[in-house]
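We name chains A, B, ... by the order of the sequence lines, and we start the count at 1 in each one.
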Number of protein chains: 2
Amino acid sequence: MKMRSQYTCPLEMTHDIIKGKWKPLIIWQLSKGGSSLSALKKSIRGISQKMLVQHLNELLECGVIGKLTNDGYPLKSEYFLTERGKRIFGAISIMQSIGIEMMLEDDREDFLKEKGLL
Amino acid sequence: MKMRSQYTCPLEMTHDIIKGKWKPLIIWQLSKGGSSLSALKKSIRGISQKMLVQHLNELLECGVIGKLTNDGYPLKSEYFLTERGKRIFGAISIMQSIGIEMMLEDDREDFLKEKGLL
DNA sequence: CAGCATCCCCACTGATACTG
DNA sequence: CAGTATCAGTGGGGATGCTG
């Protein structure tokens with residue numbers, strides 16, 4: 001993942017961390033509790049395993065998530081949010097509520113347009 | 001700008017809107033008050049005029065910012081945050097504070113490493 | 001001052017197949 | 001189950017120059 005070599009503003013750092021297409025969803029899922037790779041894959045519709053693993057590794061590098069591995073059989077791994085990750089989830093959570101508001105507004109606009117009122 | 005054709009989660013909508021490299025910074029600047037193109041260009045270090053105009057247009061399309069134009073001379077335009085934009089600024093603002101915390105933590109780590117304590 | 005038109009590169013994404 | 005390897009498409013980002 002390409003990060004800026006230097007930051008003009010702290011804001012850019014947070015933005016770089018969550019800018020991947022699937023990162024907010026991964027963080028969202030992990031906020032519900034630790035999860036295995038396969039469980040995450042099932043819960044995030046449309047993500048390929050490669051992209052999931054790649055984004056997980058990037059989040060690991062940034063200290064947003066942590067990982068526990070059981071080397072024996074059955075193979076088992078668990079990803080979870082770190083404290084930093086939980087703080088970032090605060091921002092993600094707000095993005096979620098803004099998204100909900102926007103969808104409601106857009107639906108309302110569509111409804112009015114349908115009725116020829118807009 | 002490439003948006004998802006459909007959203008599994010409202011979160012993705014907000015994420016798509018602010019995912020551009022310069023969008024958080026533009027919103028950050030506009031939160032201080034309406035601004036002209038050239039003023040924005042000056043206040044955002046490293047942005048090219050093309051990228052600035054492009055991102056502004058995308059934000060206009062999403063209803064995050066608005067624009068006032070004066071066609072006469074001297075040429076003058078003013079961009080500003082809409083209500084939706086102000087709500088999104090709420091999320092941006094949190095990203096900023098998280099960024100500050102992360103930079104402080106990282107600096108602290110670097111400091112400890114320098115001293116051979118980590 | 002405000003903004004468009006071109007050309008180019010590479011990072012992000014993704015499909016698919018393989019390994020321990 | 002939990003990954004790695006390979007190959008390919010595309011669009012986001014940037015440099016530069018032109019227009020009203």
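Among the protein residues, B:Thr69 comes within range of no part of the nucleic acid, since none of its heavy atoms lies under 4.0 Å from any strand. Among the heavy atoms of the strands lying under 4.0 Å from B:Lys67 are primed sugar atoms or P, OP1, OP2 only; no base atom is included.
Residue A:Lys21 has a polar side-chain atom (N or O) positioned under 4.0 Å from OP1 or OP2 of C:dG14. Between B:Ser36 and C:dC1, a side-chain N or O to OP1/OP2 separation shorter than 4.0 Å is absent. The side chain of B:His55 places an N or O atom within less than 4.0 Å of a non-bridging phosphate oxygen (OP1 or OP2) of D:dG13. Taking 4.0 angstrom as the limit, A:Trp22 places a side-chain polar atom (N or O) nearer than this to OP1 or OP2 of C:dG14. Between B:Lys41 and C:dA2 there is no side-chain polar atom (N or O) within less than 4.0 angstrom of OP1 or OP2.
Taking atom CG of residue A:Leu75 and atom P of nucleotide D:dC1, one finds them 10 Å apart after rounding to whole Å.
At a non-hydrogen distance threshold of 4.0 Å, B:Lys50, B:Met51 from residues 43-51 of chain B come into contact with DNA chain D.
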Are A:Lys86 and A:Glu83 close enough, and set up right, to give a salt bridge (Lys or Arg N to Asp or Glu O under 4.0 Å), and what steps lead you there? CA-CA 5 Å; A:Lys86 287 175 189 166; A:Glu83 287 308 309; 3.3 Å; yes
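In the set C:dC4, C:dG3, C:dT13, the nucleotide with an atom closest to the side chain of B:Ser77 is C:dG3.
In this structure the side chain of B:Lys23 reaches within 4.5 angstrom of the side chain of B:Glu58, judged on heavy atoms. Two residues are said to be in side-chain contact when any heavy atoms from C-beta on lie closer than 4.5 Å; B:Ile47 and B:Leu25 fail this criterion.
Between A:Glu58 and B:Tyr79, it is B:Tyr79 whose nearest contact on DNA chain C lies nearer the 5' terminus.
Here B:Arg45 does not pair with A:Glu12 in a salt bridge; the nearest charged N to carboxylate O distance is not below 4.0 Å.
Follow the hydrophobic side-chain contacts under 4.5 Å out from B:Phe80 and you never reach B:Trp28; the two are in separate clusters.
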